[in-house]
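What you see is a predicted model, and the numbers here were worked out from it, not measured in a lab. Every number for a ligand or one of its atoms is a count from 1 in the order of the listing. Atoms considered below: every heavy atom in the structure, side chains included; atoms not considered: hydrogens, waters and symmetry mates.
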Amino acid sequence: MNLKNSSILYERGQKNLVGAVNSPVRAFKSVGGSPVFIDHAEGSQIVDVDGNRYLDLVLSYGPMILGHQYPKVQEAVSKAMRKGYTFGASTEGEIELAELVCEAFPGMDKVRFVNSGTEAVLSAIRLARAFTGKNQIIKFSGCYHGHSDSLLVAAGSGLATLSLPGSKGVPEEAVKNTLIAQFNDIESVKKQIDSHNDIAAVILEPVAGNMGVVVPDPDFLEELRRVTQEKGILIIADEVMTGFRSKFGGAQELLGLQADITCLGKVIGGGFPVGAYGAREEIMQMVAPLGEMYQAGTLSGNPIAMACGLSTLLELKASDPYQDLNETALKIKDILLKAADKYEVDLQVNHFGSMINAFFTNQKVIDFSTAQSSDTEKFKIFFWSMMENGVFLPPSQFEAWFLCTAIDENDLNAFEKAVDASFKTISDKFNL
Ligand SMILES: *Cc1c(COP(=O)(O)O)cnc(C)c1O
């Protein structure tokens, strides 16, 4: 495949950008080869600077649930742009988006907008500490909550059970209050709760999406709510990925979980940088200017970002595409499993609503260690073959694939052909 212009930009970008990217996954390190640079995108399709056209299952890692350049969203953004870009004072759009978000989340009376998921989560942690007067937090191995210091622990390392920093530059003091438990393993949570008495909150992705898609066991969530409630420990649902992805509102509602604090991002900005955290009244009363927990942002609630998020959510609310998205996911799952069967490749497909991904393993994937049983060499071959056959997937085994409402029958047919060709390549390469 021709990636000439992409590789020229990749070379040029190396000089003044770090690794030619602004977020590491975009460098394609875990699949090797030269990353693609994008020229434009429309609907379900994304086009790189060499004119290669792909079915886009990255969707900017989730936000573009309506597909690219959705007309009503385009219109709302253009209209907002004509009024100016940012004012350092409040606008009606912030209230409108807040009303819509609070209406969609039963546990949320008030919300604060920020500029990214990372910011939403770090603020939520501060809020949980402010509200409970306690310091420790429990996080699950393999869950990702952005790149703030205290959460860069067990976000993907072999030392998954130790509270050791997952990055250079993160001091041990910054993570000493972060306790680790295993997803879908309530005993590992109880053990931490029994041996510590300064726990403010448990933070989790209600459906994990940053170790590949891992769906929680209903008993696990029910027990989690019970044991935390008993000890006055808050639950922070990090719904940055899952919020407005599988229903209008949060995955926690679908799963029967009532969190105390919820974090949002990705879809609520519709492609602009927006994050949010919210909770019931008594908790949000802690946040400045009402309370003594400080948190602020020059561009928070940016009017153009609000317009984009608002028009995206209004469209999702009006069209309620979630049943259809789920059906698309089931078709995709079926295509993958049929091809795996045909070419005798070990494969597990996990999905929750419009988040889906495939693991090259014969083990059921229920947590970080089973996710890691996936054969990443096979994933690499699969990834590049899918690219050659016109499907853009996240360039890592441990990222979720996302679906948008613009995917049609033609896209699914193209996907099926690409999958068949890719499994054939795997089968040939590995002499299956
Ligand atoms: C993407 C993501 C984040 C971080 O959001 P950014 O906007 O990249 O800072 C946090 N938590 C979860 C669950 C995410 O998927």
Close side-chain approach of Q45 and D56, heavy atoms under 4.5 Å: no
Pairs touching residues 200-241 that satisfy ring pair (Phe, Tyr, Trp, His ring centres under 6.0 Å), sequence neighbours left out: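 Of all non-adjacent pairs touching residues 200-241, those that pass ring pair (Phe, Tyr, Trp, His ring centres under 6.0 Å) are F140-F220, F183-F220.
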Close-range residues for ligand 1, whose non-hydrogen atoms fall below the 4.0 Å threshold: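 The 4.0 Å shell around ligand 1 contains S116, G117, T118, Y144, H145, G146, E205, N210, D238, V240, M241, K266.
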Please list all pairs meeting salt bridge (Lys or Arg N to Asp or Glu O under 4.0 Å) that have one or both residues in residues 110-125, counting only residues at least two apart or in different chains. K110-E281
So, do F360 and F382 have ring centers that fall under 6.0 Å from each other? yes
May I ask you to check whether F244 and F105 place their ring centers less than 6.0 Å from one another? yes
Acceptor/donor pairs from residues 28-42 side chains to any protein atom, 3.5 angstrom cut, sequence neighbours excluded:
from : atom 1 : to   : atom 2 : distance (Å)
S30  : OG     : P395 : O      : 2.9

